[in-house]
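Accompanying notes for the structure given below.
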Amino acid sequence: MPELPEVEAARRRLSRKGLNREIRDAALCTPEIAEATARKHLEKALTGSRFTAVKRHGKVLFLCIGDGPWLVIHFGMTGEVALYEAPEDRPRHARLIIDFADGGHVAFDNPRKLGRLELTEDPSAHIEQQDLGPDALEIGRAAFARVVRGPRGMVKPALMDQKKIAGIGNEYSDEILFRAGLRPKADRGALSEDQLDALHDQMRKVLGAAADLRERGAALPDSWLMAHREKGARCPRCGGAVKHCKVSGRTAWFCPACQDTPDP
DNA sequence: TATAATGTTCTCGT
DNA sequence: AACGAGAACATTAT
């Protein structure tokens, strides 16, 4: 669940349905996913308080507890924030369960335990400490070019580098590259102005549209490459076979016909 | 049963 | 220094 669109969808849902509800009880059922300070103080900070604001930067979610501090949520490879009313709807791998006084609940579901919970006094300071780049939906065309077009290296890892741009992961970078017509291994030092335009434009369109879809719980359209990241699949645009390769340890999927940038 | 999976962070080599 | 490969982390699904 966790690239920018999924985290943004969670932010919107929490903003609508999770704020200003009194917290009656909080249980950190899997303390090992919480950093030391959170492990020690999170339950007490939550109990009797309420969430007063939600923010997102890249793939990181921030929930303000009363006047502070903020709960910082990193999802890792799996997970979601689940809002539910009936206790039996609690997700199977809930790591933090919050009971509202009105009877509703919110849980941090994180099956693989690769997520992290932290506390911070200031989200901006946390972003700076983590050395995160500008959010992918905030970064302008000029800054985007400055960071993506480097002297050397491949374009896909540059898009996924959270220190350059925050929010894009393995799956959405494939979609962005597909629409921009670039191979994952294309040389980022050789990107033309037109290709940078296309990348920046498609990044915004893909992430924006996906966030809207995820917010509604809708599937991604069949016309997206992301619906075809599996062996034997066909390109939704040209019908040709999709291919995959390894790029910095991850599997990259692409259409060799539609993405005709030269391979290195 | 072996393999891969939406992320981050580390080491090691270039 | 920047980059890339590979491993580790923990668990599930195919």
Side-chain angles (χ1 to χ4, degrees), chain A residues 1-11 29-35 56-61 72-82 91-96 108-118 126-127 129-133 135-136 146-178 183-191 203 206-207 209-211 213-215 217-220 224-233 242 244-254 263-264:
Chain A
M1 191 209 170
E3 294 183 40
L4 184 150
E6 289 76 26
V7 183
E8 172 62 14
R11 188 197 64 78
C29 351
T30 311
E32 63 265 32
I33 66 159
E35 162 275 337
R56 179 196 59 76
H57 186 95
K59 305 170 187 173
V60 186
L61 196 61
V72 184
I73 302 179
H74 299 78
F75 287 91
M77 299 247 306
T78 55
E80 62 174 338
V81 171
R92 245 179 293 294
H93 304 283
R95 308 302 181 187
L96 171 67
F108 174 49
D109 183 48
N110 193 232
R112 235 173 285 172
K113 293 201 268 187
L114 292 175
R116 283 295 169 269
L117 296 175
E118 296 179 45
H126 184 269
I127 290 161
Q129 281 161 25
Q130 298 295 116
D131 203 18
L132 295 178
D135 185 80
R146 227 175 291 132
V147 127
V148 170
R149 179 163 57 189
R152 62 213 157 90
M154 304 181 286
V155 65
K156 179 178 167 85
L159 290 176
M160 294 196 299
D161 184 346
Q162 303 302 297
K163 298 182 181 194
K164 293 185 168 63
I165 306 166
I168 302 169
N170 195 31
E171 293 199 339
Y172 286 100
S173 61
D174 279 354
E175 187 67 36
I176 293 162
L177 290 166
F178 171 65
R183 295 268 176 121
K185 290 185 176 178
D187 176 6
R188 72 192 183 97
L191 294 173
M203 172 182 73
V206 166
L207 299 179
L213 290 162
R214 297 305 200 192
E215 185 183 4
L220 301 181
W224 289 32
L225 179 70
M226 276 177 71
H228 308 272
R229 296 174 87 258
E230 57 192 9
K231 62 176 175 2
V242 297
H244 62 91
C245 62
K246 286 286 177 192
V247 177
S248 54
R250 317 301 300 280
T251 304
W253 293 85
F254 62 99
D263 270 340

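Proteins come first, then strands; the chains are lettered A, B, ... in the order of their sequence lines, and each starts at number 1.
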What's the CD1-C1' distance between A/Ile73 and B/dG7, to the nearest Å? 16 Å
Across nucleotides 9-14 of chain B, 5' to 3', mark each nucleotide with B, S or - according to how protein heavy atoms within less than 4.0 Å reach it. S-----
Interatomic distance where CD belongs to A/Glu230 and C1' belongs to B/dT3 [whole Å]: 16 Å
With both distances under 3.5 Å as the test, what is the Watson-Crick or G-U wobble partner of C/dT12? B/dA4
Can you check whether A/Trp253's main-chain N or O pairs, donor with acceptor, with A/Arg229's side chain at less than 3.5 Å? no
Report the distance from atom CG of A/Leu225 to atom C1' of B/dT6, rounded to the nearest whole Å. 14 Å
Might you list the N or O atoms of the protein lying below 3.5 Å from N or O atoms in nucleotides 8-11 of chain C, with each pair's distance?
unit_1, atom_1, unit_2, atom_2, d
C/dA10, O4', A/Arg112, O, 3.1
C/dT11, OP1, A/Lys113, NZ, 2.4

Rounded to the Å, how far apart are A/His244 NE2 and B/dA5 C1'? 14 Å
Does the plane of the ring in A/Phe75 sit parallel, tilted or perpendicular to the ring in A/Phe108? Use 30° and 60° as the thresholds. perpendicular
Separation of C/dG4 atom P from A/Met154 atom CE, nearest Å, is 4 Å
Ignoring hydrogens and geometry, is there a side-chain-to-backbone donor-acceptor pair from A/Glu215 to A/Ala10 under 3.5 Å? no
Step by step, would you call A/His93 with A/Thr30 a side-chain contact (heavy atoms from CB on, under 4.5 Å)? CA-CA 9 Å; A/His93 304 283; A/Thr30 311; over 6 Å; no
Would you kindly compare A/Met160 and A/Lys246 by the position of their nearest DNA chain B nucleotide and give the one closer to the 5′ end? A/Lys246
Exam field: side chain A/Glu3 to backbone A/Glu171, donor-acceptor pair closer than 3.5 Å: yes
Touch check for A/Lys164, heavy atoms < 4.0 angstrom, all strands: base, sugar-phosphate only, or nothing? sugar-phosphate
d(NZ, A/Lys156; P, C/dA5) in whole Å: 12 Å
Quick one: does A/Lys156's side chain have a donor or acceptor within less than 3.5 Å of a partner on A/Asn170's backbone? yes
How far, in whole Å, is B/dT8 from C/dA1 if one measures between their P atoms? 23 Å
Please determine whether a side-chain nitrogen or oxygen atom of A/Thr251 lies at a distance below 4.0 Å from atom OP1 or OP2 of B/dA5. yes
Integer-rounded Å distance: B/dG7 P and A/Glu80 CD: 16 Å
Contact class for A/Arg92 vs. all strands (heavy atom < 4.0 Å): base, sugar-phosphate, or nothing? nothing
Taking A/Arg95 for the side chain and A/Pro31 for the main chain, is one N or O donor matched with an acceptor at less than 3.5 Å? no
A/Thr78 side-chain N/O to A/Arg112 backbone N/O, donor-acceptor pair under 3.5 Å: yes
Between the side chain of A/His244 and the main-chain N/O of A/Glu230, is any donor-acceptor distance below 3.5 Å? no
Atom-pair distance (CZ on A/Phe75; C1' on B/dA5), nearest Å: 17 Å
Distance, nearest 0.5 Å, that separates CZ of A/Arg214 from CG of A/Leu4: 12.0 Å
Classify the nucleic acid contact of A/Pro151 as base, sugar-phosphate or nothing, counting any heavy atom under 4.0 Å across all strands shown. nothing
Using only side-chain N and O atoms of A/Arg250, determine if any of them is under 4.0 Å from OP1 or OP2 of C/dG6. no
